Amino acid sequence: MLDRATTTRHPRAVQDLDAPDLSNGDLARIFHEIGDMLEVKGELVFKTVAYHRAADAIAHSPVEVARAYREGHPPRIPGVGAAISKKLEELASTGRLAFHERLRAEVPPSLVELLAIPGVGPRTVKLLYEQRGIESLDDLRRAAEAGHLRDLRGLTEHTEAAILDGIAQLQRRQARLHLGEAERIADGLMAELLDAPGVASIVSAGSLRRRRETIGDLDLLVSTSDPQAVVRRFVGLASVDGVIGSGPHKAAVRLVDGAQVDLMVMPPGEEGAYLVHFTGSKEHNVRLRSRARDRGWSLSEKGFVRLGADGEPLAGADADLRTFATEQAVYGFLDLAWIPPELREDRGEIEAAATGTLPRLVDLADVRGDCHTHSDWSDGVHAIEQMADAARARGYGYQVLTDHSVSLGIAHGLDADRVALQRSVVAALNDRFAREEDAGRAPGATPPEGFRLLHGCELEIRADGRLDFPDELLAGFDVVVASLHVSRRQPREQLMARVTAALRSPHVDILAHPSGRVIGGRDDLDLDWDAVYAEAARTGTLLEVNGSDHRLDLSDERARRAVEHGCLLAIDSDAHRVEELDAMRWGVDAARRGWVEVRSVANAWSRARLLDWVARKGDRLG
DNA sequence: GCCGTTTTCGGCCCGACTGTTTTCAGTCG
C-alpha cells in the first residue's frame, strides 16, 4: 500500500561521491515521489503505478540496493525493469537523478502533499494547480476559505467545505497506531457491535490481521443477516467522531481519537472471499486476481465470476458465481494452499503456496521461555518474584532476569555487588519453585522440566566498544543479553566495531533489539546488516526479535534475512512489568511475518538445550 | 513502466460510494 506520509519527505541530500549510499528507504521515497508527480501531471496511470510498485519493492529488498549497484552487481528486483534500473544506476553512482530533478522543476513537489488530503486525488490536484495556481496546503486553504474554488468545473461550495475539513483532519491526524493500541481499539468496537441484531461473527481484517508493525486504518468484517442494523449501530457508536461514508453494505468512520475504521458486511456462508479480500495487502490481492483471471475467473470480495470469451464476466443467464464460506476454499480454487495472514504481502507467499513450500511458522504456543525481562532492581516496575511468578503462570519453563548493567545509570544499572546480591535472591526463588514442584503445588501449566528463573543481565555495549562487565563477572551469568543504548549516532564503522565486539565475546549470548529503533520515534542504528547476520551466524549468537510493540526489533524483514544467513533468533518480551510479558505475542507476530519457523527460535527449545547452547559458545569460537 | 511455459506488443485487478454527471468520473481501499 502506498504510504503517503513517507512520500513527501525529501531524500537526504547527497553532495559528493564520498557521501554514504542512499538507503533503500531514500530510493523508495524518490520513486514514490516520481510516481506521485507523474500522477499529478496526468501521466498514464499504469506508468505511475509502475513507479510506486518499484519503490515498494526497493523498500522491501533485503539487499542494500544502491551499494549493490555501485559494486557492480545490481540485484534482480521484481517491478524494476530497464528504465528504472538505469535510474537506480544513476542514483547509486551520483546520488542524484536528473529525471527526478527535471520533474521537481516542472511539478512543484509541494503538490504531492495535497494528495494526502482525504477525497483529493491527482485529477483534482491537477485542476487546482492549472486553473488556480494552487501549489501548497496553505494556498488551498486560503482559496477554499475565500470561496475561490466553487466555480471550477465539478467543484461546489460543498467541495470547499470538504477540502477544509480534510486539511484540518490531516493536521490533527495521529501517526499510525502501534499493534497493541490497534488491537485494543478493534476489540472494543467488536464488543459493541457483536450484539447488534443478526450478527453472527465479527473479525478484524486488514493490516491488523496481517500483524503489520503499525496500523493505519482498522477493518472490521461482520457476518450478519441484517446489514442495515449493524451499519446503523456502527455509525452511531459513542466513540465515532464523524462518518466518512455509509452505504447498505459498508461504512467508514473516524473515531474521536483519530483512527479511521471501515466496516464491511459479509453474507453468512459466503465469508471466504471477503476475508481474503480485506486481509491481503493490495499487492497480494492483485496477484490473486491476476491468477484467477489466468484461470478464466474474475475474483472480487464476493467470490469468483466466470469470464466469457471476451474477457468480461458472464452476465444474465450465463452468469456463474462461485462463493465460498472459508478462506481455504478460496485459495484452493486457485490451486493454492491456505496462506497465513501474516504472509499476505506478495513477498513470495503465492509461489510458495502454489508449490507446497510455505513455511511452518513459529507459534506463540511454541515459546518455552522469555530471555529478556527486567525487575525493579533496575528500571522495571515489579519485583523479581512477581515477574517470575507471572512467567511461570504463563506456562514457561524459564525466564531470564536481565536487569541493566552498571553504566546505564539512568536505568539504575547493577554493579558487581548488587549482581551478587541479586543472584542470591534468584537462588532462593528457585528453591521455592523446586519445593513447590516436588510437592505438586506448581501451576497446572508448568512443563515437565519445571520452571526456573535464570540469572542474566542486559549488558551495555559502551561507546568505546568495551563491554560493561569484566569477563569474570560475565562468566557467572546463565544468559547474557547485550545491547547498545548510548552514542547511537556514531559512524557505521564505529557502531559495527561495537556490535562485532559483543558478538565475538564468549559470554554474550543474545544481541538485544539490534537496530535500536523505536517505531515512530528513533531511527535504526547505521549498521552493515549482512555483516551483522554473518557474524551472529558464525558465532552462534542469538539475534533478538524484541516483542515490545514500539520496537519489534529485529523487524519482520530483518528477521527473515537473518534466518537466511543461518542465524538463530530469540523472541523476547523485554517486559519491565508483569503485563508486558504478553508482548511476547507481538514478537512472535513479527517473526511470523518474517517467515520464521520454529526451528530457528532458540527460546522454543527446552531450558536444558538453551543453557547447553549458550554454555558452548566459547567452544564454537574456537 | 513492466512483463511474457500462449504474448517482445498489448495488455495491466475489482467494486462501493460520492457528488453533481443528465450517464459517470473521481477517489478509495
Side-chain angles (χ1 to χ4, degrees), chain A residues 1-4 31 34-35 38-40 42-57 76-88 99 114-128 150 152-163 166 205-207 215-221 227 231 235 243-253 260-265 273-274 276-305 307 310-313 321 334 346 354:
Chain A
M1 191 169 67
L2 177 61
D3 186 355
R4 299 287 190 197
F31 287 109
I34 291 174
L38 290 177
E39 268 182 56
V40 173
E43 185 57 87
L44 207 63
V45 65
F46 290 117
K47 199 175 192 173
T48 69
V49 167
Y51 276 102
H52 288 304
R53 270 185 61 92
D56 282 333
R76 171 88 195 91
I77 302 171
V80 174
I84 292 180
S85 186
K86 202 151 175 290
K87 292 181 172 67
L88 279 170
F99 174 70
L114 302 183
L115 290 172
I117 303 169
V120 173
R123 308 306 294 260
T124 308
V125 171
K126 187 170 155 69
L127 183 74
L128 292 169
R150 61 190 62 169
L152 285 172
R153 195 168 57 79
L155 272 58
T156 63
E157 201 174 330
H158 179 271
T159 326
E160 288 172 346
I163 285 176
S207 50
I215 311 297
D217 303 336
L218 297 174
D219 300 284
L220 301 180
L221 296 181
V231 168
V235 299
V243 178
I244 298 165
S246 174
H249 300 289
K250 63 198 295 186
V253 303
Q260 183 180 325
V261 187
D262 296 345
L263 176 134
M264 273 75 57
V265 170
Y274 284 87
V276 169
H277 179 88
F278 288 107
T279 298
S281 72
K282 183 178 165 188
E283 294 76 16
H284 177 89
N285 289 346
V286 167
R287 290 289 309 277
L288 290 184
R289 289 194 283 260
S290 168
R291 189 175 172 94
R293 190 157 266 280
D294 288 346
R295 285 167 160 67
W297 297 85
S298 167
L299 171 61
S300 77
E301 65 266 39
K302 294 184 174 59
F304 295 94
V305 178
L307 298 171
D310 57 354
E312 292 297 314
L321 170 71
L334 292 171
D346 189 25

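Every value quoted in this text rests on a predicted model; they were computed, and no experiment measured them. Computed over heavy atoms, backbone and side chain alike; hydrogens, waters and symmetry mates excluded. Lettering follows sequence order; numbering is per chain, from 1.
Base-pair partner of B/dT8: not found among the strands shown (Watson-Crick or G-U wobble, both distances under 3.5 Å).
Few gaps surround CZ on A/Arg291; more than 12 heavy atoms of other groups in view lie less than 6.0 Å from it.
Between the NE2 atom of A/His277 and the C1' atom of B/dC13 there is a distance of 10 Å, rounded to whole Å. Across the protein-nucleic acid pair, A/Ile84 atom CD1 and B/dC3 atom P stand 9 Å apart, rounded to whole Å. Nucleotide B/dC12 holds its P atom 19 Å from the CD atom of A/Glu283, rounded to whole Å. Regarding A/Glu160, its CD atom lies at a distance of 11 Å from the P atom of B/dT20, rounded to whole Å. At whole-Å resolution of the value, CZ in A/Arg53 and P in B/dC2 are 11 Å apart. The CG-P distance, from A/Leu221 to B/dG29, rounds to 15 Å in whole Å. One can place CZ of A/Arg293 at 16 Å from C1' of B/dT7, the figure rounded to the nearest angstrom. Rounded to whole Å, the distance from CG on A/Leu44 to C1' on B/dC2 is 12 Å.
In this structure, NE2 in A/His52 is found 8.0 Å from NZ in A/Lys282, a value given to the nearest 0.5 Å.
Look at the P atom in both B/dT20 and B/dG26: the space between them is 14 Å, to the nearest Å. Remark: the separation of the P atoms in B/dT21 and B/dA16 is 24 Å, to the nearest Å. With both ends at atom C1', the span from B/dC13 to B/dC2 equals 16 Å, rounded to whole Å. Atom name P, nucleotides B/dC14 and B/dC9: the rounded distance is 25 Å, in whole Å. Comparing the P positions of B/dT5 and B/dG1 gives a spacing of 23 Å, expressed to the nearest Å.
Put simply, the side chain of A/Leu152 reaches to within 4.5 Å of the side chain of A/Leu128, judged on heavy atoms.
In terms of phosphate contacts, A/Thr124 brings no side-chain nitrogen or oxygen within less than 4.0 Å of OP1 or OP2 of B/dG26.
In this structure, the side chain of A/Asp219 does not engage the main chain of A/Ala205 through any donor-acceptor pair within 3.5 Å.
Residue A/His158 has its side chain nearest to B/dG19 when only B/dG1, B/dC13, B/dG19 are considered.
Cation-pi geometry between A/Lys87 and A/Phe99 is met: the NZ or CZ atom falls under 6.0 Å from the ring centre, inside 45° of the normal.
The aromatic ring of A/Phe46 sits over the base of B/dC12, with ring centres less than 5.5 Å apart and planes inclined by under 30°.
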